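Below, chains carry the letters A, B, ... as their sequence lines are ordered, and counting in each starts from 1. Because the structure is predicted, anything quoted here is derived from the model rather than measured. These numbers come from the heavy atoms of this one structure, side chains and all, not from hydrogens, waters or symmetry mates.
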There are 2 protein chains.
Amino acid sequence: MATGRNHRPATRSRGIPEATVARLPLYLRALTALSERSVPTVSSEELAAAAGVNSAKLRKDFSYLGSYGTRGVGYDVEYLVYQISRELGLTQDWPVVIVGIGNLGAALANYGGFASRGFRVAALIDADPAMAGKPVAGIPVQHTDELEKIIKDNGVSIGVIATPAGAAQQVSERLIAAGVTSILNFAPTVLSVPEGVDVRKVDLSIELQILAFHEQRKAGEEAAASGADVTPPPLRGGPAANRKGPDGDVPAVMPA
Amino acid sequence: MATGRNHRPATRSRGIPEATVARLPLYLRALTALSERSVPTVSSEELAAAAGVNSAKLRKDFSYLGSYGTRGVGYDVEYLVYQISRELGLTQDWPVVIVGIGNLGAALANYGGFASRGFRVAALIDADPAMAGKPVAGIPVQHTDELEKIIKDNGVSIGVIATPAGAAQQVSERLIAAGVTSILNFAPTVLSVPEGVDVRKVDLSIELQILAFHEQRKAGEEAAASGADVTPPPLRGGPAANRKGPDGDVPAVMPA
DNA sequence: TCATCTTTGTGCACGCGTTCACAAAGGCAT
DNA sequence: ATGCCTTTGTGAACGCGTGCACAAAGATGA
Ligand SMILES: NC(=O)c1ccc[n+]([C@@H]2O[C@H](COP(=O)([O-])OP(=O)(O)OC[C@H]3O[C@@H](n4cnc5c(N)ncnc54)[C@H](O)[C@@H]3O)[C@@H](O)[C@H]2O)c1
Ligand SMILES: NC(=O)c1ccc[n+]([C@@H]2O[C@H](COP(=O)([O-])OP(=O)(O)OC[C@H]3O[C@@H](n4cnc5c(N)ncnc54)[C@H](O)[C@@H]3O)[C@@H](O)[C@H]2O)c1
């Protein structure tokens with residue numbers, strides 16, 4: 001579940017809110033772009049616009065990292081890039097393994113965005129013996145038998161799962177037993193992991209379904225305005241009341 | 001153009017909290033699995049476990065949909081599947097276009113999870129003339145010149161962007177101008193869209209960076225125990241210690 | 001019919017995250 | 001130096017989401 005409740009009593013000073021942590025990569029990306037254009041400083045307003053967030057939120061986020069800005073001027077781009085990188089742990093190189101080299105796994109392996117940010121594909125692992133040795137994105141695929149050895153030899157602590165859903169739980173258990181403590185899961189399954197292991201999931205179906213919900217709502221409101229009724233009849237406690245909010249919005253954070 | 005800098009009183013769809021909407025697909029998946037095993041009813045406790053959430057949260061979520069449970073018994077699986085599907089708008093078929101048929105786009109096109117849930121790949125679109133006509137996942141790729149026509153002819157309202165980051169904003173503008181009102185963006189860019197358009201993004205780099213942050217913190221706490229400072233731990237380290245973590249499960253995708 | 005037992009539905013309290021609004025800080029020109 | 005102007009950093013208010021705890025609902029069996 002989400003960032004828990006009564007966790008640890010100490011280390012409040014280092015306690016950067018989870019929501020802030022999730023935005024740091026966004027700021028970092030915007031700052032990197034500015035850095036490449038040799039822009040020396042940015043105001044919270046400009047940077048917030050580039051990152052697509054509220055400027056007050058950005059300032060508060062940065063306040064958790066310390067006071068790196070200069071009033072009346074803004075933030076020093078290079079310095080901030082460094083500070084955020086350090087905070088995110090990107091000043092070191094993180095070896096990552098990808099398990100399940102099918103359509104998606106291969107695409108991930110080919111993705112250049114890994115190396116560009118301190119991540120290095122240490123190994124590609126698949127259960128299919130026919131794939132063993134075959135190079136994907138220049139890296140030879142290794143068999144799952146080697147999984148534990150690979151993890152340990154390379155000191156891998158982050159694993160990416162791109163296997164079919166049915167295999168994901170088992171794969172996660174092997175990864176964790178071998179030393180992995182962070183998993184990015186692309187398989188549409190709820191992984192059950194011990195405490196201390198972080199799991200983040202990327203689920204295409206869920207995203208589409210959320211979009212579909214909003215699409216339907218938009219269509220419903222539209223139809224409601226013209227008197228038509230598109231949605232099926234509610235069976236119970238029918239809330240004939242349709243909200244026709246002025247919203248046009250969007251966001252929604254998804255919890256676990 | 002219009003960067004939405006207007007704040008809305010938050011999206012109150014139809015009274016269903018956004019956080020709940022984001023969990024409905026999760027429940028639906030668990031329920032579908034039960035349905036396939038011909039399980040007639042489930043308690044909130046069981047279903048919550050299967051979906052990886054708190055049972056009280058699940059009950060509260062369902063309460064927004066109406067009272068579909070029976071006290072002392074639980075929920076009727078089939079009925080609930082229907083209700084949630086209807087709520088999410090999955091009783092109708094949503095045509096979807098994928099723009100940018102590279103590594104990732106091709107993987108998405110090959111993904112079976114689309115059709116299984118009311119989504120249909122209406123077209124694959126790419127700017128590379130060399131790809132035009134080539135079939136990917138059984139569907140011929142069409143050139144971007146056709147984009148507007150494709151969207152309109154098929155009544156597409158949901159678009160998936162898998163182009164390089166540099167092209168994403170422009171592609172989104174064309175999609176929106178042609179009638180798309182929901183976008184799932186895989187490109188690492190902040191899309192600026194007019195009000196009324198929903199954007200959800202999936203960003204691998206961000207997910208990995210968030211995981212890296214937690215990894216670093218875990219390593220830091222470990223080191224702290226041995227007298228080190230709480231700041232930048234030089235090297236990632238050692239043995240994956242299984243201590244208390246922040247959480248066991250986290251979200252992955254974020255709103256636009 | 002009535003008692004018992006299970007499980008729902010929800011009132012309530014709490015904490016996190018967001019946003020507003022503004023005082024203080026600092027640069028810069030005079 | 002002094003005053004002006006810009007922008008930060010944050011106190012405070014507010015709303016959303018979460019989870020506890022329990023009364024009410026309803027099934028089941030005697
Ligand atoms: N392709 C997509 O766009 C997409 C989108 C969203 C989610 N997903 C999910 O990602 C996963 C992979 O999708 P895909 O399209 O690449 O599937 P795929 O069938 O093309 O690839 C799966 C790969 O995993 C390997 N594998 C199977 N069991 C394994 C095991 N126990 N250990 C190691 N490797 C194993 C298979 O040999 C195969 O190479 C699936 O769970 C899918 O639902 C895919
Ligand atoms: N591959 C991954 O695993 C992965 C992971 C995360 C994010 N991404 C992002 O997804 C996007 C696609 O990644 P990829 O690896 O598939 O890249 P790719 O280069 O393999 O594919 C990009 C495709 O988009 C097409 N394209 C370019 N401009 C276009 C335009 N204006 N209109 C239509 N099509 C256009 C290209 O012809 C190409 O076929 C990138 O933004 C990447 O950063 C990819």
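- What separates CD of B:Glu46 from C1' of C:dT6 is a distance of 12 Å, to the nearest Å.
- Residue A:Tyr75 is classed as a sugar-phosphate contact, given heavy-atom separations below 4.0 Å to backbone atoms only.
- Of the candidate nucleotides C:dT10, D:dG9, D:dT18, D:dT18 has the atom lying nearest to any side-chain atom of B:Arg23.
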Could you walk me through whether B:Val160 and A:Leu204 pass the side chain to side chain contact (heavy atoms under 4.5 Å, CB included) check?
CA-CA 10 Å; B:Val160 176; A:Leu204 178 63; 5.5 Å; no

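- Between B:Lys201 and the choices B:Ile206, B:Leu184, B:Ile183, B:Thr189, the side-chain contact (heavy atoms from CB on, under 4.5 Å) rule is met once, by B:Ile206.
- Of the candidate nucleotides D:dG26, D:dG17, D:dT10, D:dG26 has the atom nearest to the side chain of B:Thr70.
- Separating the NZ atom of B:Lys57 from the C1' atom of C:dT8 is a distance of 18 Å, rounded to the nearest angstrom.
- Atom CZ in A:Arg71 sits roughly 16 Å away from atom P in D:dT6 (whole-Å rounding).
- Comparing A:Val73 and A:Thr20 against DNA chain C, the residue whose closest nucleotide sits nearer the 5' end is A:Thr20.
- Taking atom CD of A:Glu45 as the reference point, atom P of C:dC20 lies 11 Å away to the nearest angstrom.
- A:Tyr68 comes within 4.0 angstrom of the backbone, heavy atoms only, and of no base.
- Rounded to whole Å, the distance from CD on B:Glu18 to P on D:dG15 is 18 Å.
- Side-chain nitrogen and oxygen atoms of B:Ser44 include none within less than 4.0 Å of the OP1 or OP2 phosphate oxygen of C:dT7.
- Residue B:Ala56 is classed as a base contact, given a heavy-atom separation below 4.0 Å to a base.
- Between the P atom of D:dC20 and the CZ atom of B:Arg59 lies a distance of 10 Å, rounded to the nearest Å.
- Comparing B:Lys60 and B:Ser43 by the nucleotide of DNA chain C whose heavy atom lies nearest to each, the residue mapping closer to the 5' end is B:Ser43.
- B:Asn54 places its CG atom 8 Å from the C1' atom of D:dT18, with the value rounded to the nearest Å.
- One interatomic measurement links the two molecules: CG of A:Leu47 to P of D:dT6, which rounds to 20 Å at whole-angstrom precision.
- Ring to ring, A:Tyr68 and A:Tyr79 are close: their centroids are under 6.0 angstrom apart.
- The line from OG of B:Ser157 to NE2 of A:His214 is 13.0 Å long, rounded to the nearest 0.5 Å.
- Within a 6.0 Å sphere centred on CD of A:Glu173, other residues, nucleotides and ligands contribute more than 12 heavy atoms.
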